[in-house]
*Asks:* 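First the structure, which I've put down as structure tokens, then a few questions once you've had a look.
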Amino acid sequence: LSRTESNDTRQTEVTASAEKTLTPEMLVREHGSAVLGLCISNTKNFNDSEDIMQDVFLQAFTKFRTLRDPTRARSWLLTIARRMCIDYYRRRRTSHPITADIPARPDYGNEHIIRVHTAISKLPEGYREAITLYYLDGRNCVGVAQSLGISEAAVRRRLVRARLMLHDFLLEDKS
Amino acid sequence: MSDKNECQNRREAITALVLGELETPAADEIKEHIDTCRNCRCLYQTLTEEEGTVRSAFKAIDDRSKTMEDDILAQLEKSSDKSFSGPTALRQIWEGSRILKSVTKLAAAAVIITAIVISTNFLDRAMTSVSAAEVLAAATKAVSNLRSVYIKAQIRTIAHDNFELIRLNNDFVPHEMWKEFDGTFHGKWRIEKPGRVVVMDGKSSLLLIRPKYAARGGITTGFVGWLKPLLDVDKVLDSEIKLAQRQGSKLLLTHEKGIDGRDKLVVSVEALAQGDFTNDWLKNKSIPASDNLRVYTFDAETKLLETLEVYVHAGQEDILVLQITDVEYNVEIDPTLFALELPEDVIWFERPTKLADNEKYEQMGPKETAQAFFQACADEDWDEFLKFWSASAVDQRMKDYLGGLEIVSIGEPFKSGRYAGWFVPYEIKFKSGHIKKFNLAVRNDNPAKRYVVDGGI
């Protein structure tokens, strides 16, 4: 086999093995909360985020074959989620303006918790994603670094700044 | 008592300490400081107390996600085949699901992953110019060693018509573009689609409309409108920034993770149609004449352009009209690509020159020109025809197409978009009996100052 052919063969093997090992259950259970968290932080809306979460997994199932490296499943899903949040934004932009606050929903906690979500949604994108994944990933910087494809040090830096900004927003909100 | 500025600098360290993300020596050091500084102690305590609420907020998402996961998996369970392999099963899931909603056409096509646009600073010019300028500086540096570029694209258009033309309802037509950066200002390039090709050999350009119409152009004549700047991959961003400033279009820079795992820089440009569309004949017939979103993706490390998608906002729909599907850098380009072999019986399009009786034609307005042009066709007077059709000859195909037609009506001329000439509405009946209603494009911005037909037949 030529080098290219040999690479192709290896790639096919990896894909085949991903098909065997990755199940929908694994995909949904392992990454569901990260996808939902990212959608909430981007759309500022619980209901729409849940819809988008469903769409993300639907698309993930249909495009599963394009996932070449199963170890990158989370990063892949988050990419799909970001894309869908954009579409959500486009649709919403044409209908009505985005409000600053996240509307409350009882199953997402009390008033204090909603205030935290609202404050998170005000963070810059990179910070918002880092802090969301950090808390949903069992506060593990290594995992977040893999999901975002950045260094662990970069995650730590974003996380600390995000947390500090979050604190400032919460103080502002209180006052 | 500690200095306030010093305490300000310790805020991040205190936050890291609360999060448990500070290494031992630094953690010990900051703890010692907290013991002695009231302000820092206060920050530490507030952050620690707040931490419970923050964690609860994420726990709520986690809990809610479990319910959602159950719902999603339950829907999968209901499908007749829940194996993870076949598109048929997935189609069933897609169509049969009660809760899973369809994905819009745009969502399926979109490559942009710029979650940041949710923030209200989408239209923030300050952010735009600073960020884009940073990328631009890096991008210019990155492409300084470029030798060549090859671009494959597809455009909704007509294969043999102008390169600038787009047609929202047409299928995609494949386009290929090559450019060699040979140190000269213009370089050598070639742009090709099935019905047309343009080459620039570094000194002049040459257009061939297949099978046998050709036109010569100067060093700046492009024949390719909006596509040409794409070949200047080192100036794409620069040109977009300048356009944004000049035309008031909105430009946004975002970072994202590509499907290939690499960091990407995405520049999105929201642009409005340029020109006067009181009469909207030209609206959405070219990218500059449309309200559109242009999404450029650059590799964050190399700063090289990877993809471009152009969506035209047409009513409630966003239609993908142009898509770069492949970009390759520093490929070997066969030098013969920058030359064109023309057919022996080539017919040249030429700039109108003064006629012996030029004054007569100079006095004609757009409407009179349209009338006289079609009358020449009706009379099959091809010498007269060539006074309005600036070519070296008339081929038999044209004669068969227009010869002996009947003029039904000529309407009032109008302007549209940024076209320098006029459009004249007409209705004609061909020899075959077929009736055509369309707009003839005429312009007189030439040395002879007489109107000639520029399109619309």
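Please read all numbers here as calculations on a predicted model, not as lab measurements. Order of the sequence lines fixes the chain letters, A, B, ..., with proteins taken first and strands second; residue numbering starts at 1 for each chain.
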*Asks:* To the nearest 0.5 Å, tell me how far D63(B) CG sits from L36(A) CG.
*Replies:* 11.0 Å
*Asks:* Do other residues, nucleotides or ligands put more than 12 heavy atoms under 6.0 Å from E152(A) CD?
*Replies:* yes
*Asks:* D137(A) versus chain B, heavy atoms under 4.5 Å apart: side chain, backbone, both or neither?
*Replies:* neither
*Asks:* Under a 4.5 Å heavy-atom cut-off, does chain A meet the side chain of D263(B), its backbone, both or neither?
*Replies:* side chain
*Asks:* Which residue out of L166(A), L170(A), T132(A) racks up the most heavy-atom pairs below 4.5 Å with chain B?
*Replies:* T132(A)
*Asks:* Which region of L43(B), side chain (C-beta onward) or backbone (N, CA, C, O), has a non-hydrogen atom less than 4.5 Å from a non-hydrogen atom of chain A, or is it both or neither?
*Replies:* side chain
*Asks:* Answer whether the closest heavy-atom distance between the side chains of I72(B) and M53(A) falls below 4.5 Å.
*Replies:* yes
*Asks:* Under a 4.5 Å cutoff for heavy-atom pairs, which residue among R11(B), E69(B), R55(B), K59(B) has the most contacts with chain A?
*Replies:* E69(B)
*Asks:* Looking at R38(B), I'd like to know if its CZ atom is crowded, meaning that more than 12 non-hydrogen atoms belonging to other residues, nucleotides or ligands lie closer than 6.0 Å.
*Replies:* no
*Asks:* Minimum heavy-atom separation for I113(A) and A57(B), please, with both atom names.
*Replies:* CG2-CA, 3.4 Å
*Asks:* If you count heavy-atom pairs under 4.5 Å between each of R156(A), R29(A), R115(A), R161(A) and chain B, which one has the most?
*Replies:* R29(A)
*Asks:* Quick one: which of T46(B), T67(B), D62(B) has the most heavy-atom pairs under 4.5 Å with chain A, could you say?
*Replies:* D62(B)
*Asks:* Are any of the side-chain nitrogens in E50(B) or R163(A) under 4.0 Å away from the carboxylate oxygens of its partner?
*Replies:* yes
*Asks:* Nearest 0.5 Å please: distance from the CD1 atom of I61(B) over to the CG atom of L136(A).
*Replies:* 5.5 Å
*Asks:* Rounded to the nearest 0.5 Å, what's the gap from CG on L73(B) to CZ on F57(A)? Could you check?
*Replies:* 8.5 Å
*Asks:* Measuring heavy-atom distances to chain B, does V160(A) have an atom under 4.5 Å in its side chain, in its backbone, in both, or in neither?
*Replies:* both
*Asks:* Which heavy atom in G32(A) sits nearest to a heavy atom in S65(B), and how many Å separate them?
*Replies:* C-OG, 3.2 Å
*Asks:* To the nearest 0.5 Å, what is the distance between CE (M68(B)) and CG (D51(A))?
*Replies:* 7.0 Å
*Asks:* Taking the six-membered ring for Trp, are F58(B) and H117(A) parallel (under 30°), tilted (30 to 60°) or perpendicular (over 60°)?
*Replies:* perpendicular
*Asks:* What distance do L19(B) atom CG and Y135(A) atom OH have between them, rounded to the nearest 0.5 Å?
*Replies:* 4.5 Å
*Asks:* If you measure from OG1 on T79(A) to NZ on K264(B), what distance do you get to the nearest 0.5 Å?
*Replies:* 10.5 Å
*Asks:* May I ask you to decide whether R139(A) forms a salt bridge with E21(B), counting only side-chain N to carboxylate O separations under 4.0 Å?
*Replies:* no
*Asks:* Where on I120(A) is there a heavy atom nearer than 4.5 Å to chain B: the side chain, the backbone, both, or neither?
*Replies:* side chain
